[in-house]
K.L.:
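First, the structure itself, so that you have it in front of you.
Any value given below was found using the heavy atoms of this structure, including those in side chains, with hydrogens, waters and symmetry copies removed.
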Amino acid sequence: MRPAGSIAAAGAVWLAGCAALPADTVHTEVFFDDFGQPDLRALAAHSWTLRTKQGHPGIEGAAWSADSITLVDDPHRPGNRLLRLSAQTDGTPQGTTHAQLCHARKYFEGTYAARVRFSDTPVTGPDGDVIVQTFYAVSPLRFDFDPEFSELDWEYLPNGGWGDAKTRLYGVSWQTVSLNPWQAYNRPLQHLQALDGWHVLVMQVGSGKTRWYLDGALLDEHGGRNYPAVPMSINFNLWFSPGGLLPDVTAPRRYQQDVDWVYHVRNQSLSPKQVDAAVNALRQRGVGQVDGVPPADPPLASTCDF
């Protein structure tokens, strides 16, 4: 993988090689990042925001720290780099830190995909906390029951959560929500399986439907009132669920979630096989990052606080 360069340079390399690629792998309004940047400054230069604001979700009073985001070498693929999110706790709010990374708020219909490594156990400390590992798109919640709130959310719960101890993957499409008191209007899918390891998550959003794919298999289709209403940002976060920390356990524990790449193509519904082909084509051309998705009109801020 080449060192991270400018988005414009990456786009030029990509477009120069398009003529040699199969027609179904070439898309112009594409966002792609394989997290090959040398450091966090370069990551931020590619329009990523590292969250530092306290607030929803997670443990009330806990920190959201830029130090919880790192870029690391892939131990299984020489030359490859990974985005790593870390969350840790000692069972207290002041001893808890979450992680979140957000891209620009400009994504709406099209295909969203990411290759993510979920973890069933902490890398250090005792197991059992309700930890939430995610890939999602979201707009701000301006007020309770905001009619424009939009969210499409993959959540992996290795230790269960939300009143159910089962290990599972959620795919949730949202209509709206009130945070306090909590009252949610959404549609979830539940995939009851331990998923420790690498997986490809795909969401197709178009024509009033959202389709959810895990490793190439269609899990569910949502629509109706839960369909997105406004442009969203692309996000990854790792956090502990309120009320889900191990009781009376003060030993520090730390969880990690890795991301190999993230991909979005605007206004096109690509199959998982087409996503794989497109990502492989970009990597074969040496394109580590490209952003051809136009900004929202007018531009929208990605506040990275939800």
K.L.:
Are the side chains of Gln88 and Pro252 in touch, meaning some heavy atoms are under 4.5 Å apart?
P.N.:
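Contact flag for Gln88/Pro252 side chains = no.
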K.L.:
Checking Arg168 now: which residues fulfil salt bridge (Lys or Arg N to Asp or Glu O under 4.0 Å) with it, not counting sequence neighbours?
P.N.:
none
K.L.:
Please list all pairs passing the ring pair (Phe, Tyr, Trp, His ring centres under 6.0 Å) test where one or both residues lie in residues 266-306, with sequence neighbours left out.
P.N.:
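Passing the test, one end in residues 266-306: His56-Phe306, Phe149-Phe306.
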K.L.:
Side chains of Tyr136 and Asn237: donor-acceptor distance under 3.5 Å anywhere?
P.N.:
yes
K.L.:
Under 3.5 Å, is there a donor-acceptor pair between the Gln37 and Asp33 side chains?
P.N.:
yes
K.L.:
Distance-only, no hydrogens or angles: does the Ser302 side chain make a donor-acceptor pair with backbone N or O of His103 under 3.5 Å?
P.N.:
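Pair found, side chain donor or acceptor close to backbone of His103.
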K.L.:
Please lay out, stage by stage, how Glu155 and Trp162 fare under the test side chain to side chain donor-acceptor pair (under 3.5 Å).
P.N.:
CA-CA 11 Å; Glu155 293 186 356; Trp162 317 137; 3.3 Å; yes
K.L.:
Is it the case that the side chain of Arg81 and the backbone of Gly79 share a donor-acceptor pair, with hydrogens and angles ignored and the cut-off at 3.5 Å?
P.N.:
no
K.L.:
Suppose we call two aromatic rings close when their centres sit under 6.0 Å apart. Are Trp174 and Tyr227 close by that rule?
P.N.:
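They do not qualify: ring centres at least 6.0 Å apart.
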K.L.:
Check whether Tyr170 and Trp239 end up in the same hydrophobic cluster, where Ile, Leu, Val, Met, Phe, Trp and Tyr are linked by side-chain heavy atoms less than 4.5 Å apart.
P.N.:
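Yes, Tyr170 and Trp239 fall within the same hydrophobic cluster.
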K.L.:
Does Leu85 share a hydrophobic cluster with Val132, counting links as ILVMFWY side-chain heavy atoms below 4.5 Å and allowing steps through other members?
P.N.:
no
K.L.:
Is any side-chain heavy atom of Thr167 less than 4.5 Å from a side-chain heavy atom of Leu192?
P.N.:
no
K.L.:
Determine, using the 4.5 Å side-chain heavy-atom cutoff (strictly less than), whether Leu40 and Leu101 are members of one ILVMFWY cluster.
P.N.:
yes
K.L.:
Determine, stepwise, if the pair Val177 / Asn186 fulfils side chain to side chain contact (heavy atoms under 4.5 Å, CB included).
P.N.:
CA-CA 8 Å; Val177 65; Asn186 59 37; over 6 Å; no
K.L.:
Could you give me the CA-CA distance, side-chain angles and deciding distance for Trp154 and Gln133, then say whether side chain to side chain contact (heavy atoms under 4.5 Å, CB included) is met?
P.N.:
CA-CA 8 Å; Trp154 286 109; Gln133 305 171 34; over 6 Å; no
K.L.:
Ignoring hydrogens and angles, tell me if any N or O in the side chain of Ser65 forms a donor-acceptor pair with the backbone of Asp67 under 3.5 Å.
P.N.:
yes
K.L.:
May I ask you to decide whether Arg41 forms a salt bridge with Asp39, counting only side-chain N to carboxylate O separations under 4.0 Å?
P.N.:
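Judged by the 4.0 Å cut-off on N to carboxylate O distance, Arg41 and Asp39 do not form a salt bridge.
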K.L.:
Counting neighbours of CD on Glu60 that are heavy atoms of other residues, nucleotides or ligands and sit closer than 6.0 Å, is the number greater than 12?
P.N.:
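Not more than 12 within 6.0 Å, no.
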K.L.:
Quick one: does any side-chain atom of Ser139 pair with a main-chain N or O of Ser150 as donor and acceptor, under 3.5 Å?
P.N.:
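Yes, Ser139 side chain to Ser150 backbone: donor-acceptor pair under 3.5 Å.
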K.L.:
Can you tell if the side chain of Val205 reaches within under 4.5 Å of the side chain of Leu152, non-hydrogen atoms only?
P.N.:
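Yes, side chains in contact.
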K.L.:
Any chance you could pull the hydrophobic cluster mates of Leu300, using side-chain heavy atoms under 4.5 angstrom and chaining through other members?
P.N.:
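Members other than Leu300 - counting any ILVMFWY side chain reachable under 4.5 Å - there are none.
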K.L.:
Donor-acceptor pair, distance only, cut-off 3.5 Å: does the side chain of Gln257 make one with the backbone of Thr134?
P.N.:
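Yes, the answer is positive, given that a donor and an acceptor are paired below the 3.5 Å cut-off.
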K.L.:
At their closest point, which heavy atom of Leu50 faces which heavy atom of Ala66, and how far apart are they?
P.N.:
CD2-O, 3.7 Å
K.L.:
Between the side chains of Asp120 and Tyr156, does any donor sit under 3.5 Å from an acceptor?
P.N.:
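The criterion, which ignores hydrogens and geometry beyond distance, is satisfied for Tyr156 and Asp120.
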K.L.:
I'd like to know if the side chain of Thr49 pairs up with that of Arg51 as donor and acceptor (distance under 3.5 Å, no hydrogens or angles considered).
P.N.:
no
K.L.:
Any Lys/Arg nitrogen of Lys106 or Asp291 sitting under 4.0 Å from an Asp/Glu carboxylate oxygen of the other?
P.N.:
yes
K.L.:
I'd like to check the side chain to side chain contact (heavy atoms under 4.5 Å, CB included) partners of Ala114; sequence neighbours left out, ordered by chain and number.
P.N.:
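Expected list: Val116, Phe135, Phe236, Val262.
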K.L.:
What about Leu245 and Val130, same hydrophobic cluster or not, with Ile/Leu/Val/Met/Phe/Trp/Tyr joined at side-chain heavy-atom distances under 4.5 Å?
P.N.:
no
K.L.:
Give the intermediate values and the outcome of side chain to side chain contact (heavy atoms under 4.5 Å, CB included) for residues Met203 and Arg211.
P.N.:
CA-CA 6 Å; Met203 297 180 291; Arg211 296 177 179 86; over 6 Å; no
K.L.:
Do the charged groups of Asp220 and Arg187 touch, with an N to O distance under 4.0 Å?
P.N.:
yes
K.L.:
Return yes if some donor-acceptor pair links the side-chain N/O of Ser241 with the main-chain N/O of Gly244 below 3.5 Å, else return no.
P.N.:
no
K.L.:
Is any side-chain heavy atom of Asp196 closer than 4.5 Å to a side-chain heavy atom of Phe118?
P.N.:
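No, every pair of side-chain atoms sits at 4.5 Å or beyond.
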K.L.:
Just by distance, do the side chain of Ser68 and the backbone of Ala87 share a donor-acceptor pair under 3.5 Å?
P.N.:
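The answer is no, because no donor-acceptor pair under 3.5 Å joins these two groups.
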K.L.:
Side chains of Arg253 and Pro126: closer than 4.5 Å at any heavy-atom pair?
P.N.:
yes
K.L.:
Any chance you could measure Gln274, atom CD, to Ser269, atom OG, to the nearest 0.5 Å?
P.N.:
9.5 Å
K.L.:
According to ring pair (Phe, Tyr, Trp, His ring centres under 6.0 Å), does anything in residues 65-99 pair up with another residue at least two apart or in another chain? List the pairs.
P.N.:
Trp64-His98
K.L.:
Between Arg142 and Glu148, does any side-chain N to carboxylate O distance fall below 4.0 Å?
P.N.:
yes
K.L.:
The test is side chain to side chain contact (heavy atoms under 4.5 Å, CB included); show your working for Ser233 and Val138 and say whether it passes.
P.N.:
CA-CA 5 Å; Ser233 59; Val138 71; 3.9 Å; yes
K.L.:
Is it true that atom NZ of Lys166 has more than 12 heavy atoms of other residues, nucleotides or ligands lying nearer than 6.0 Å?
P.N.:
no
K.L.:
Output yes when a side-chain donor or acceptor of His222 lies under 3.5 Å from a complementary backbone atom of Thr210, and no otherwise.
P.N.:
no
K.L.:
Run the numbers on Arg285 and Asn280 for side chain to side chain donor-acceptor pair (under 3.5 Å), then give the verdict.
P.N.:
CA-CA 9 Å; Arg285 300 306 304 177; Asn280 289 336; over 6 Å; no
K.L.:
Before giving the answer on side chain to side chain donor-acceptor pair (under 3.5 Å), spell out for Asn159 and Asp129 the whole-Å C-alpha distance, their side-chain angles and the decisive distance to 0.1 Å.
P.N.:
CA-CA 7 Å; Asn159 292 325; Asp129 296 298; over 6 Å; no
K.L.:
Does any pair with a residue in residues 95-199 pass disulfide bond (SG atoms under 2.5 Å apart), and if so which ones, sequence neighbours excluded?
P.N.:
Cys102-Cys304
K.L.:
Supply the atom-to-atom distance Phe35 CZ to Asp74 CG, rounded to the nearest 0.5 angstrom.
P.N.:
13.5 Å
K.L.:
Could you grab the distance from atom CD of Gln190 to atom CG of Leu157, nearest 0.5 Å is fine?
P.N.:
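Going from CD on Gln190 over to CG on Leu157, the span is 8.5 Å.
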K.L.:
Regarding Tyr255 and Asp127, is there a side-chain donor-to-acceptor distance under 3.5 Å anywhere?
P.N.:
yes
K.L.:
Given the rule in the salt bridge (Lys or Arg N to Asp or Glu O under 4.0 Å) test, do Arg283 and Asp260 qualify, once you have shown the distances and angles that lead to the verdict?
P.N.:
CA-CA 12 Å; Arg283 285 184 143 178; Asp260 188 12; 2.8 Å; yes
K.L.:
If you define the side chain from C-beta out and look only at heavy atoms, does anything of Arg84 sit under 4.5 Å from Leu71?
P.N.:
no
K.L.:
Please check if the side chain of Arg105 supplies one atom and the backbone of Pro231 the other of a donor-acceptor pair under 3.5 Å.
P.N.:
yes
K.L.:
Quick check on the hydrophobic clustering: are Tyr213 and Val200 connected, directly or via other members, by side-chain heavy-atom contacts under 4.5 Å?
P.N.:
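Linked within one cluster.
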K.L.:
Would you say the ring centers of Phe31 and Tyr107 fall short of 6.0 Å from each other?
P.N.:
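That pair passes the under 6.0 Å test.
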K.L.:
Side chain of Thr176, backbone of Asp146: donor and acceptor closer than 3.5 Å?
P.N.:
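Yes; judged by distance alone, with no hydrogens or angles, the pair exists.
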K.L.:
Would you sort out whether Asp258 and Trp198 count as a side chain to side chain donor-acceptor pair (under 3.5 Å), showing the intermediate values?
P.N.:
CA-CA 9 Å; Asp258 290 344; Trp198 285 102; over 6 Å; no
